[in-house]
Amino acid sequence: EMGALRDELIDRPCFAWTKLHHEALREKGKTDAEIASLMIPRIIQSCENDVLDIMHWNFSKFGWTVRAKIFDGMVIEPSKSGKSLSLQGAMRQVELACRHQGWDVRLAEKKLHGKQDEPIPTIEVARHVIEEIADFRHQRNIDYNTTFFGVNNMYA
């Protein structure tokens, strides 16, 4: 059944790239069986990317800032302009946009279980270093616009 599905998908014009991909894998010495096993995951990944692109563009259109695309979803927040649809309203509009492009998806808000409020260690370290640099520059009255670590910045 998977072989029949794969063959049906590969024949669709939107997946014509798989023929080129198939030839490239053949040139690398892959067998037909190996190539066949690689095609469905790559087609699925392509489809996921198409949906995420539609979602990204439309969330932005409805006043939301996309901070990250993560696997099967994204991290978004209202834009600073204050002109955002409600989250539920934006999700329904994004679903309609996806449907208009041929994708029947239902979006849901995933809870972050409070993890969003926990500090991220690497960001905390970076924030500390930036504060130390700012304090150093301030204490020595170093002009931010003309120097960077004692070297003249010709692009400031």
Side-chain angles (χ1 to χ4, degrees), residues 2 5-25 28 30 34-138 143-149 153-156:
M2 284 301 273
L5 173 63
R6 182 193 61 246
D7 295 343
E8 180 69 27
L9 289 172
I10 288 172
D11 285 339
R12 293 179 180 241
C14 62
F15 298 118
W17 57 267
T18 60
K19 288 177 178 45
L20 295 173
H21 194 62
H22 186 277
E23 292 171 16
L25 290 170
K28 290 182 179 181
K30 299 284 184 190
E34 290 172 317
I35 293 170
S37 70
L38 293 170
M39 286 301 154
I40 289 292
R42 292 190 176 157
I43 289 171
I44 291 170
Q45 183 180 24
S46 173
C47 294
E48 288 174 344
N49 288 338
D50 288 348
V51 172
L52 286 171
D53 287 345
I54 295 166
M55 290 171 56
H56 187 159
W57 191 86
N58 280 278
F59 271 120
S60 297
K61 177 179 166 183
F62 295 113
W64 288 79
T65 300
V66 176
R67 292 291 177 202
K69 293 180 185 177
I70 303 171
F71 300 110
D72 63 345
M74 49 188 52
V75 175
I76 62 171
E77 65 183 9
S79 70
K80 295 185 186 213
S81 72
K83 298 180 181 177
S84 303
L85 286 179
S86 70
L87 177 59
Q88 293 301 317
M91 289 189 335
R92 298 301 78 84
Q93 290 299 316
V94 171
E95 289 171 355
L96 288 172
C98 288
R99 198 167 297 119
H100 182 72
Q101 296 286 330
W103 298 104
D104 188 13
V105 297
R106 181 77 177 149
L107 302 178
E109 179 182 7
K110 289 184 180 179
K111 300 296 180 197
L112 298 175
H113 306 289
K115 303 278 187 198
Q116 74 276 7
D117 297 326
E118 293 179 11
I120 300 170
T122 53
I123 291 176
E124 293 302 310
V125 169
R127 183 175 286 133
H128 180 71
V129 169
I130 290 169
E131 289 170 359
E132 285 184 350
I133 292 170
D135 288 346
F136 175 83
R137 293 177 71 114
H138 180 71
D143 183 358
Y144 287 94
N145 295 318
T146 58
T147 60
F148 183 72
F149 296 124
N153 183 349
M154 61 191 284
Y155 300 107

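We use all heavy atoms of the structure for the numbers below, so side chains are in, but hydrogens, waters and symmetry mates are not. The first residue of the sequence shown is numbered 1, and numbering continues consecutively from there.
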Quiz prompt | Any pair counted as salt bridge (Lys or Arg N to Asp or Glu O under 4.0 Å), so long as it reaches residues 53-70, sequence neighbours left out | solution = D53-K69, R67-E77
Practice problem: Can you sort out the partners of A108 under side-chain contact (heavy atoms from CB on, under 4.5 Å), two or more places apart, ordered by chain and number? | Solution: none
Quiz item: Which residues pass the salt bridge (charged side-chain N to carboxylate O under 4.0 Å, His left out) test with R12, sequence neighbours left out?
Solution: none
Self-check item: F59 vs Q93 side-chain heavy atoms within contact, under 4.5 Å
Solution: no
Quiz prompt | For the student: nearest non-hydrogen atoms of C98 and I54, plus distance | solution = SG-CG2, 3.8 Å
Quiz item: Mind checking whether W64 and S79 have side chains closer than 4.5 Å, heavy atoms only?
Solution: no
Exercise. Go through the structure and list residues passing salt bridge (charged side-chain N to carboxylate O under 4.0 Å, His left out) with K28, not counting sequence neighbours.
Key: none
Just distance, no hydrogens or angles: give the donor-acceptor pairs under 3.5 Å from side chains in residues 99-107, sequence neighbours left out.
{"unit_1": "R106", "atom_1": "NH1", "unit_2": "E95", "atom_2": "OE1", "d": "3.0"}
{"unit_1": "R106", "atom_1": "NH1", "unit_2": "E95", "atom_2": "OE2", "d": "3.4"}

Exercise. Might you work through the side-chain contact (heavy atoms from CB on, under 4.5 Å) test for N58 and L96, ending with a clear yes or no?
Key: CA-CA 10 Å; N58 280 278; L96 288 172; over 6 Å; no
Report all side-chain donor-acceptor pairs from residues 35-49 shorter than 3.5 Å, counting only partners two or more places apart or in another chain.
{"unit_1": "S37", "atom_1": "OG", "unit_2": "E34", "atom_2": "O", "d": "2.7"}
{"unit_1": "R42", "atom_1": "NH1", "unit_2": "H21", "atom_2": "NE2", "d": "2.1"}
{"unit_1": "N49", "atom_1": "ND2", "unit_2": "Q45", "atom_2": "O", "d": "3.3"}

Quiz item: With D50, which residues qualify under salt bridge (charged side-chain N to carboxylate O under 4.0 Å, His left out), at least two apart?
Solution: none
Quiz item: Listed by chain and number, what are the side-chain contact (heavy atoms from CB on, under 4.5 Å) partners of L20, not counting sequence neighbours?
Solution: E23
Quiz item: Can you name the nearest heavy-atom pair linking V66 to S60, along with the distance?
Solution: CG2-OG, 4.4 Å
Exercise. Could you tell me which residues satisfy side-chain contact (heavy atoms from CB on, under 4.5 Å) with E124, sequence neighbours excluded, listed by chain and number?
Key: P119, R127
Quiz item: Residues in side-chain contact (heavy atoms from CB on, under 4.5 Å) with S86, at least two apart?
Solution: Q88
